[in-house]
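Notes follow once the structure below has been shown.
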Amino acid sequence: MKLIALSDTHLKTGEIPLQLQTLLEECDLIVHAGDFSTVEAYQAFNAGGKLKAVFGNDDAPELKRLLPERLKFEVEGVKIGVIHEGGLSVTDTTAQGYLAKEMEVDVLIFGHLHRPLIEKRDVVLVCPGSPTKPRMSNPSVVELVIEKGNVNGRVVALEGDTCEYIKFRDALKNRTQE
């Protein structure tokens with residue numbers, strides 16, 4: 001089974017960027033870790049009927065009433081947990097690891113950081129970044145493939161606006177290479 005994990009889309013309308021829409025059409029399950037922003041955005045992601053989602057801190061009050069703060073489900077024997085704010089650091093994932101243990105899951109998908117991460121240890125920690133509002137990264141989602149209890153993941157870079165930090169870093173790199 002192929003899952004696309006994403007979060008922090010922060011869309012004001014129901015218009016999903018074309019490259020992202022194509023990825024979503026090709027997967028078996030969409031897992032959104034919050035911050036759709038609007039009901040219209042949520043409805044666009046849910047249109048195919050294969051969405052599992054939680055609300056984020058930036059979501060409209062209607063979404064906070066409709067969606068859970070935490071979600072737990074199983075795919076091919078793998079327990080998956082979803083939450084928006086799993087911790088506040090990409091470099092220190094201790095909080096996310098403890099949260100995964102508390103939720104009794106094998107994989108924890110979380111958002112809020114807008115920067116992708118896949119960390120495999122006794123649990124798999126996944127932050128998909130943001131396909132539309134990245135921070136210190138390029139736009140991204142995470143593809144997870146689950147087969148016979150095994151989980152393999154990869155960050156999928158997308159086209160779109162890159163955060164100002166990445167533009168600055170790349171400009172510096174180009175300068176030093178000249």
Side-chain angles (χ1 to χ4, degrees), residues 3-12 16-17 20 23 29-39 41-42 45 51-73 75 78-144 146 151-158 160-170 172:
L3 287 72
I4 294 294
L6 70 159
S7 69
D8 300 287
T9 49
H10 294 281
L11 297 175
K12 303 300 179 203
I16 298 172
L20 178 56
L23 282 173
L29 190 62
I30 302 164
V31 181
H32 198 298
D35 277 359
F36 295 91
S37 288
T38 64
V39 173
Y42 165 76
F45 284 103
L51 176 68
K52 294 201 175 281
V54 296
F55 69 79
N57 62 295
D58 190 53
D59 280 325
E62 299 90 345
L63 289 175
K64 290 180 180 180
R65 287 189 294 274
L66 176 69
L67 298 172
E69 180 179 11
R70 292 182 180 192
L71 179 64
K72 190 172 154 181
F73 61 95
V75 172
V78 176
K79 295 177 190 153
I80 300 172
V82 187
I83 191 165
H84 183 64
E85 292 184 51
L88 298 178
S89 176
V90 168
T91 57
D92 179 6
T93 56
T94 304
Q96 293 93 330
Y98 281 121
L99 183 57
K101 293 290 187 192
E102 175 190 319
M103 291 178 70
E104 299 178 333
V105 295
D106 305 307
V107 177
L108 180 66
I109 300 170
F110 59 95
H112 194 60
L113 301 178
H114 293 238
R115 187 173 173 193
L117 162 87
I118 300 173
E119 185 177 303
K120 293 183 181 183
R121 45 186 183 177
D122 51 338
V123 296
V124 180
L125 302 176
V126 175
C127 182
S130 172
T132 53
K133 303 275 188 210
R135 285 188 199 136
M136 297 183 75
S137 65
N138 290 311
S140 64
V141 297
V142 166
E143 177 188 271
L144 294 174
I146 300 174
V151 180
N152 291 301
R154 70 181 181 100
V155 175
V156 178
L158 301 173
D161 286 338
T162 299
C163 81
E164 293 301 317
Y165 167 80
I166 297 295
K167 291 176 186 175
F168 177 71
R169 180 202 67 189
D170 291 349
L172 283 179

Can you tell if the side chain of D106 reaches within under 4.5 Å of the side chain of V124, non-hydrogen atoms only?
no
Tell me, with the steps shown, if H10 and S130 meet side chain to side chain donor-acceptor pair (under 3.5 Å).
CA-CA 9 Å; H10 294 281; S130 172; over 6 Å; no
Short question: side chain of T38, backbone of A60 - any donor-acceptor pair under 3.5 Å?
no
Can you classify the ring geometry of F36 versus Y42 as parallel (below 30°), tilted (30 to 60°) or perpendicular (above 60°)?
perpendicular
CG of L108 to NZ of K79, rounded to nearest 0.5 Å, is 14.5 Å
F110 CZ to T93 OG1 distance, which is reported to the nearest 0.5 Å:
7.0 Å
Can you tell me how far the CD1 atom of I83 sits from the CG atom of L99, to the nearest 0.5 Å?
5.0 Å
For the atom pair CZ (R115) and SG (C127), what is the distance rounded to the nearest 0.5 Å?
9.5 Å
Find the distance between CG (L67) and NZ (K52) and round it off to the nearest 0.5 Å.
12.0 Å
How about OH on Y98, more than 12 heavy atoms from neighbouring residues, nucleotides or ligands closer than 6.0 Å, or not?
no
Provide the closest heavy-atom pair for G111 versus A33 in the form atom of the first, atom of the second, distance.
N-CB, 3.7 Å
Nearest 0.5 Å, what's the CD1-CE distance between I80 and M103?
11.0 Å
Sort and list the pairs that fulfil salt bridge (charged side-chain N to carboxylate O under 4.0 Å, His left out) and have at least one residue in residues 118-133, not counting sequence neighbours.
K101-D122, E119-R121
Among D8, N57, D35, which residue meets the side-chain hydrogen bond (donor to acceptor under 3.5 Å, both in side chains) test with H112?
N57
Measure across P131 and L6 and return the closest heavy-atom pair with its distance rounded to 0.1 Å.
CG-CD1, 4.3 Å
For a quick test of reading the model, state the closest non-hydrogen atom pair linking G81 to V105 and the distance between them.
N-CG1, 3.5 Å
Any idea which heavy atoms bring L158 and L20 closest together, and the distance?
CD1-CD1, 4.4 Å
Does the side chain of S137 come within less than 4.5 Å of H114's, by heavy atoms?
no
Measure across A5 and P128 and return the closest heavy-atom pair with its distance rounded to 0.1 Å.
O-CB, 3.2 Å
When you compare the side chain of I109 with that of L144, does any pair of heavy atoms fall below 4.5 Å?
yes
Looking at every non-hydrogen atom in both residues, tell me the closest pair between S7 and G129 and how far apart they are.
OG-O, 3.2 Å
Short question: side chain of T132, backbone of T9 - any donor-acceptor pair under 3.5 Å?
yes
